[in-house]
Number of protein chains: 2
Amino acid sequence: MKPIDTAVRKPATLDDVAAIAGVSAKTVSRVVNRNANVSAATRERIEAAIRETGYHVNQAARSLAASRSFLIGAFMPHLSSFYFAEIFRGAAKACRQYGYHLVVEEFDHGVDTMVDRYEQGLRSARCDALILTPPVCDDERLLAALDRDGMPYVRIAPGIRPGVSAALSADDAQGVQQLARHLWASGRRRFAIIAGPADHAAAMIRENSFVETLAGLGGDPEGILLTRIELHESISESGRAATLDLLRRVDPLPDAIFAFNDEVAIGAMAAARELGLTVPGDVAIAGFDDSYIAQLAWPPLTTIHQPIADLAFQAVGVVASGESFAASQILLPTSLVVRGTA
Amino acid sequence: MKPIDTAVRKPATLDDVAAIAGVSAKTVSRVVNRNANVSAATRERIEAAIRETGYHVNQAARSLAASRSFLIGAFMPHLSSFYFAEIFRGAAKACRQYGYHLVVEEFDHGVDTMVDRYEQGLRSARCDALILTPPVCDDERLLAALDRDGMPYVRIAPGIRPGVSAALSADDAQGVQQLARHLWASGRRRFAIIAGPADHAAAMIRENSFVETLAGLGGDPEGILLTRIELHESISESGRAATLDLLRRVDPLPDAIFAFNDEVAIGAMAAARELGLTVPGDVAIAGFDDSYIAQLAWPPLTTIHQPIADLAFQAVGVVASGESFAASQILLPTSLVVRGTA
DNA sequence: TCTAATCATGTCAGCGCTGACAATGAGAAA
DNA sequence: TTTCTCATTGTCAGCGCTGACATGATTAGA
């Protein structure tokens with residue numbers, strides 16, 4: 001008995017299509033690449049031949065000839081899987097749309113340096129451009145290597161060297177402003193912030209925006225409780241510990257807690273509950289990111305939505321649009337999502 | 001004022017290296033590809049030249065000449081971002097190790113068919129092999145297209161056509177067995193299962209294993225409460241609703257709930273608490289996956305760890321090892337992780 | 001000593017495509 | 001009619017690398 005259908009079909013080439021359509025390979029190439037200046041009749045004949053042969057462009061050959069790879073590299077550390085997956089989703093969608101492929105390089109802290117990983121991975125793949133997320137986008141040596149190679153890149157939420165490259169950021173301050181107003185409007189007056197490390201650019205922006213907005217509203221900036229956590233193994237556990245510590249230390253207790261991200265907020269909720277406080281009755285809690293754990297929490301977490309996938313989508317758009325994009329600076333809005341905890 | 005150092009360095013080629021080392025390009029190629037039969041002296045000379053020029057192989061040229069792309073495609077739907085990120089992590093690590101690159105194709109239900117996505121994406125990238133996750137790995141038409149093209153693939157946790165291709169699975173039954181024994185040993189006797197859809201292969205295996213183990217322990221299979229949920233928008237919300245419904249309907253209440261995955265378990269915890277039950281005091285709750293939300297929950301969720309990243313890592317290993325792998329069948333263990341809810 | 005086997009290295013075509021440029025032909029302008 | 005323009009199509013080299021094969025040098029075996 002023979003195997004069912006092992007007739008392995010060898011991929012068709014431009015020449016195969018050209019022979020069928022009775023034109024030169026170059027003209028088929030023009031059709032495939034959507035060039036102008038091909039007559040409608042020829043185009044149709046070629047398109048039929050393409051369908052008949054099941055032709056698909058050979059990227060390797062195309063890359064070699066055109067000296068572009070149609071590959072966009074995303075260079076990112078293993079952040080939370082949510083952030084990672086969202087970046088991927090946005091970037092992949094855009095790549096599909098613009099005819100690129102996405103190669104993701106994950107940077108594993110401590111294994112080797114970012115420059116090494118870039119050289120071994122993304123550079124030898126000859127990516128046409130790179131998308132950089134924090135904290136990769138803030139590594140001076142990497143940026144220098146990129147510039148040296150003439151490798152174009154766009155940064156997402158960069159913390160350093162503002163303006164020197166294309167960059168996309170979320171307007172964190174604006175969403176936090178909305179949150180602060182919302183809390184104030186619902187009568188909360190005693191605030192606490194579970195803040196991030198001082199070198200975490202975005203966390204600082206969120207913190208400052210919160211304090212300033214409250215001050216503008218008539219609150220007392222000095223009265224806002226603040227505790228700063230380090231980013232350890234389990235972020236939510238750090239958040240829980242910090243909140244527990246804070247709540248045990250102070251009197252009167254805060255009636256609103258702003259955590260600089262959702263995981264910390266989840267930890268803060270656990271801490272509040274452990275001390276017998278109800279959320280949002282005794283204390284309102286809010287996070288930042290609108291990651292999917294925000295909806296998983298109970299009650300679902302009030303948080304600030306950040307358009308991570310959009311950021312990545314537009315980042316790819318910037319590099320794919322082709323023009324010089326050295327100076328593109330894009331700021332995307334964030335927005336308060338009121339759920340059950342504030 | 002001139003730009004700092006825009007001296008864009010054009011990538012070195014094999015010929016450049018060869019000229020410096022005073023050998024032919026082919027010999028350099030041998031060194032780069034770790035071929036045997038190059039004398040130690042020559043090898044050293046060439047390696048020095050490679051360092052000097054900063055040479056890195058041009059994948060496009062290599063692919064074209066060798067008619068292999070050194071690309072492995074991962075074809076998966078947008079599952080939970082946790083599952084997705086883990087698969088990615090494992091596969092990327094293995095690719096790095098074996099000198100491949102990873103191209104991830106995300107299948108978006110409803111946009112087009114899997115076969116289309118394969119043909120437009122992964123096939124035109126000329127991947128050397130594909131890694132398929134559920135439910136992509138169970139699409140008859142896709143598998144047929146793959147066989148027709150002679151595209152090698154390995155499936156992770158396949159539900160259909162067992163044994164016809166290389167496949168890696170987690171031993172779900174085993175971990176569930178551990179859980180059932182653990183619950184029984186801690187005195188639980190009234191069980192409920194929040195089960196998945198009947199067409200979700202893994203969910204059914206988990207369900208059956210739970211029932212059978214309990215029966216073997218002396219439990220009454222008929223007495224086990226079972227409710228089956230559909231996989232909607234928010235899985236945890238489905239879990240919450242189903243649990244709420246179940247708990248309101250039955251008397252006496254179960255003292256242990258097994259949810260077929262972690263998100264459902266989180267939903268079940270919310271439901272139990274809403275009805276004033278303590279976890280794990282009144283009712284033990286356990287999930288499956290050991291996803292990162294399990295640690296985020298409070299109390300942290302008792303669950304069954306599934307080696308998702310390992311599965312992907314070994315999947316790449318199978319295809320990268322090169323030999324014929326048509327029949328490789330690998331089963332990886334799962335294990336109970338006792339945390340705070342059972 | 002001579003032959004065969006083995007190792008180290010080189011030569012060269014060609015993978016499939018595109019950029020640069022050339023050629024062709026049809027209509028417009030002179 | 002002649003010249004020019006320009007839309008359409010073709011020719012061809014070569015991108016950087018590797019497989020197949022050839023070559024020369026060395027070593028082992030008889």
Side-chain angles (χ1 to χ4, degrees), chain A residues 9-47 49-50 53-71 99-101 123-128 322, chain B residues 9-47 49-50 53-71 99-101 123-128 322:
Chain A
R9 190 168 102 176
K10 166 153 49 56
T13 70
L14 275 188
D15 281 322
D16 298 336
V17 177
I20 292 183
V23 296
S24 74
K26 180 69 214 193
T27 302
V28 179
S29 167
R30 291 194 175 95
V31 170
V32 171
N33 292 291
R34 296 187 162 62
N35 276 346
N37 298 341
V38 175
S39 72
T42 310
R43 178 184 307 276
E44 272 167 35
R45 207 144 32 86
I46 292 174
E47 276 166 356
I50 289 177
T53 53
Y55 173 79
H56 283 278
V57 68
N58 179 326
Q59 287 291 351
R62 190 214 285 252
S63 302
L64 186 58
S67 47
R68 5 184 333 210
S69 64
F70 301 91
L71 249 30
Y100 281 81
H101 283 268
R123 189 169 76 182
S124 78
R126 294 289 193 282
C127 291
D128 292 337
Chain B
R9 189 167 104 175
K10 167 153 48 55
T13 70
L14 276 188
D15 281 324
D16 298 337
V17 177
I20 292 183
V23 295
S24 74
K26 181 68 211 191
T27 302
V28 179
S29 167
R30 290 194 175 96
V31 170
V32 170
N33 291 290
R34 296 185 165 61
N35 276 345
N37 299 342
V38 175
S39 72
T42 311
R43 177 184 308 277
E44 270 166 38
R45 205 142 35 83
I46 292 175
E47 276 166 355
I50 288 177
T53 53
Y55 172 79
H56 282 278
V57 68
N58 180 327
Q59 288 290 351
R62 190 215 286 255
S63 302
L64 185 59
S67 47
R68 12 187 324 211
S69 64
F70 300 91
L71 249 30
Y100 281 79
H101 284 268
R123 189 169 75 179
S124 79
R126 293 288 192 283
C127 292
D128 292 337

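All values derive from a computational prediction rather than experimental measurement.
B:Asn58 is not listed as a side-chain neighbour of B:Thr13, based on a closest heavy-atom distance of 4.5 Å or more. Contact annotation: the side chain of A:Arg30 never approaches that of A:Asn37 to less than 4.5 Å [non-hydrogen atoms, C-beta and beyond].
Using a distance-only test at 3.5 Å, with no hydrogens or angles considered, no donor-acceptor pair links the side chain of A:Ser67 to the main chain of A:Leu64.
One distance of note links CD1 of B:Ile46 with CG of B:Leu14; it measures 9.5 Å at 0.5 Å rounding. Here CD of B:Gln59 is found 10.5 Å from OH of B:Tyr100. Values are rounded to the nearest 0.5 Å.
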Would you list the atom pairs, donor with acceptor, under 3.5 Å between side chains in residues 19-29 of chain B and any protein atom, with sequence neighbours excluded?
| from | atom 1 | to | atom 2 | distance (Å) |
| --- | --- | --- | --- | --- |
| B:Ser24 | OG | B:Lys26 | N | 3.4 |
| B:Ser24 | OG | B:Thr27 | N | 3.4 |
| B:Ser24 | OG | B:Thr27 | OG1 | 3.3 |
| B:Ser29 | OG | B:Asn33 | ND2 | 3.4 |

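Comparing the helix axis at one end of the helix from C:dT1-D:dA30 to C:dA30-D:dT1 with that at the other, each defined from 5 consecutive pairs, gives an inter-axis angle of 40° (nearest 10°).
In terms of position on DNA chain D, the residue among B:Leu14 and A:Ala40 whose nearest nucleotide sits closer to the 5' end is A:Ala40. Mapping B:Ala66 and B:Arg45 onto DNA chain C by nearest heavy atom places B:Arg45 at the nucleotide closer to the 5' end.
For A:Thr27, a side-chain nitrogen or oxygen approaches OP1 or OP2 of D:dG10 to under 4.0 Å. OP1 or OP2 of D:dA7 has not a single side-chain nitrogen or oxygen of A:Asn37 nearer than 4.0 Å.
Nucleotides of DNA chain C that come within less than 4.0 Å of any heavy atom of chain A span, from the 5' end to the 3' end, C:dG16 to C:dG19.
Between B:Ser69 and B:Cys127 the shortest heavy-atom distance is OG-CA, 3.5 Å. For B:Asn35 against B:Arg43, the heavy-atom pair with the smallest separation is O-NH2, 3.5 Å.
Residue contacts for A:Thr13: at a heavy-atom cut-off of 4.0 Å it reaches the sugar-phosphate backbone alone, with no base atom in range. In this structure, A:Ser63 reaches neither bases nor backbone, as no heavy-atom distance under 4.0 Å exists between it and the strands shown.
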